[in-house]
2 protein chains.
Amino acid sequence: MTLRGIGKTFGVSMTPAREAVRRLVADGGLSLSSSGRVSTPELSNERLEELASIRALIEPELASRALPRAHLALIDRLQAINASIAECAAKHDDVGYIRTNLEFHRTLYLRAQAPAMLAMTETVWLQLGPTMRAMYARLNRTEVPHNHRLIVAALRAGDEPGLRLALRSDVTQGLRLLAV
Amino acid sequence: MTLRGIGKTFGVSMTPAREAVRRLVADGGLSLSSSGRVSTPELSNERLEELASIRALIEPELASRALPRAHLALIDRLQAINASIAECAAKHDDVGYIRTNLEFHRTLYLRAQAPAMLAMTETVWLQLGPTMRAMYARLNRTEVPHNHRLIVAALRAGDEPGLRLALRSDVTQGLRLLAV
DNA sequence: ATTGGATCAATGTGATCACAAAATCCAGAA
DNA sequence: TTCTGGATTTTGTGATCACATTGATCCAAT
């Protein structure tokens, strides 16, 4: 990927392309080598564990804050997203699976009215992006994650401890698969 | 603050200055209005509470991870930093107080070997920067925070629950002062 | 055929320019 | 004195350029 190429792709000059790339680098979504060349960052196992821990810390908190504001329409919408996830899993559409999976989380967290936490979480997602992609590719999921159903159930029941636990499991589950 | 002015200050052109500013904006340290003008972001009480919550979530975790690696030299160094904090407090040097205060935390967290968490925490600090400045200015501290002494004591004793509690208190203490 | 270096193309960085939009300023009138 | 409206300056954005550095390619010698 070259700056000039990116610029030409989007019909702009080098300057905006450079700025966008630098922002991605600043957020950790891309890493730039010593010579300024960009590449997808290689995540060590330690860093992965760290990022998963951050998710495990923040996302249950976001869910807790969303819980009192979660009305029925939201829960139904989450269930619909789960259906989409199942669909992607059936079609072996990895990138769709990941995208709808994150959409599930984001939809829930948007209700938390905590933009800073959400932004932080999305930064972590961005950094996990390439690795998640590689991970789910060799996983061959075939159904919606069990924890997502637990999350919806806990929301319906207003069960905060159960919600936090389900989220923690859902978030750290991916790591366990990679630790093999 | 103008881009051209910043560039001239550092002896560079507009381009690097612009890039630096945009990076600060991306990290939340500055906010840019609709017309691209930069300004120090106005933190609402809700956002402040949120940022404090993030600190309360991540920083005890960082301290926990640093605890098993904390040798005596580190603890002595933390105590020395506490002395510096007391010095700044005595001289009513607000910005020095804040800086050494954060240096205390960063010194501890560096031992955690968790760069992603540390980066995340520093992002939060960056966002809190202007508000902390205003807060401590009208506070007129005169001595080192009690919680810092508790932190050092917990480190010496290897008391993880105490360490987490002390950190949580130290981090959320500032918020309480502002909620007045 | 392989390897070594030398040349060359390509890319990122920083500077400068043109332009549009926004802010400031100044004059004039109520 | 204060408000208003236009003119001027300022400022951010995007484009283009010059340059240094890096990676690649190619040719020659073993």
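Letters A, B, ... mirror the listed sequences (proteins, then strands); counts begin at 1.
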### Query
Would B:Asn101 and B:His148 satisfy side chain to side chain donor-acceptor pair (under 3.5 Å), going step by step from the backbone distance to the final call?
CA-CA 9 Å; B:Asn101 193 336; B:His148 278 208; 3.3 Å; yes

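- Bounding nucleotides for the chain A contact on DNA chain C, 5' to 3', at a heavy-atom distance below 4.0 Å, are C:dT11 to C:dG14.
- Of the two residues contacting DNA chain D, namely A:Ser33 and A:Ser13, the nearest-nucleotide position lying further toward the 5' end is that of A:Ser13.
- With a 4.5 Å cut-off on side-chain heavy atoms, A:Ile98 and A:Trp125 do not count as touching.
- Contact of the B:Glu61 side chain with the B:Met117 side chain is registered, since non-hydrogen atoms from C-beta on lie closer than 4.5 Å.
- Residues B:Val21 and B:Leu3 form a side-chain contact, since some pair of their non-hydrogen atoms from C-beta on lies under 4.5 Å apart.
- Residues B:Asp27 and B:Arg22 are not paired through a salt bridge, judged by the lack of any N-O separation under 4.0 Å between the basic side chain and the carboxylate.
- For the residue pair B:Arg164/B:Ser64, the side-chain donor-acceptor check at 3.5 Å is satisfied.
- Each end of the helix from C:dA1-D:dT30 to C:dA30-D:dT1 gets its own axis from five base pairs, and the two axes differ in direction by 10°, given to 10 degrees.
- Annotation: side chain of B:Leu62 is not in contact with side chain of B:His105 (no heavy-atom distance under 4.5 Å).
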Strictly under 3.5 Å: I want the nitrogen or oxygen pairs between protein and nucleotides 11-13 of chain D, one per line.
{"from": "D:dG12", "atom 1": "OP1", "to": "B:Leu3", "atom 2": "N", "distance (Å)": "3.3"}
{"from": "D:dG12", "atom 1": "OP2", "to": "B:Leu3", "atom 2": "N", "distance (Å)": "2.9"}
{"from": "D:dG12", "atom 1": "N7", "to": "B:Arg4", "atom 2": "NH1", "distance (Å)": "2.9"}
{"from": "D:dG12", "atom 1": "O6", "to": "B:Arg4", "atom 2": "NH2", "distance (Å)": "3.3"}
{"from": "D:dT13", "atom 1": "OP1", "to": "B:Arg22", "atom 2": "NH1", "distance (Å)": "3.0"}

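- More than 12 heavy-atom neighbours from other residues, nucleotides or ligands sit within 6.0 angstrom of CZ on B:Arg47.
- When side chains are defined from C-beta on, B:Asp170 does not count as touching B:Glu59, because their heavy atoms never get closer than 4.5 Å.
- With contacts defined as side-chain heavy-atom distances shorter than 4.5 Å, the pair B:His71/B:Arg111 qualifies.
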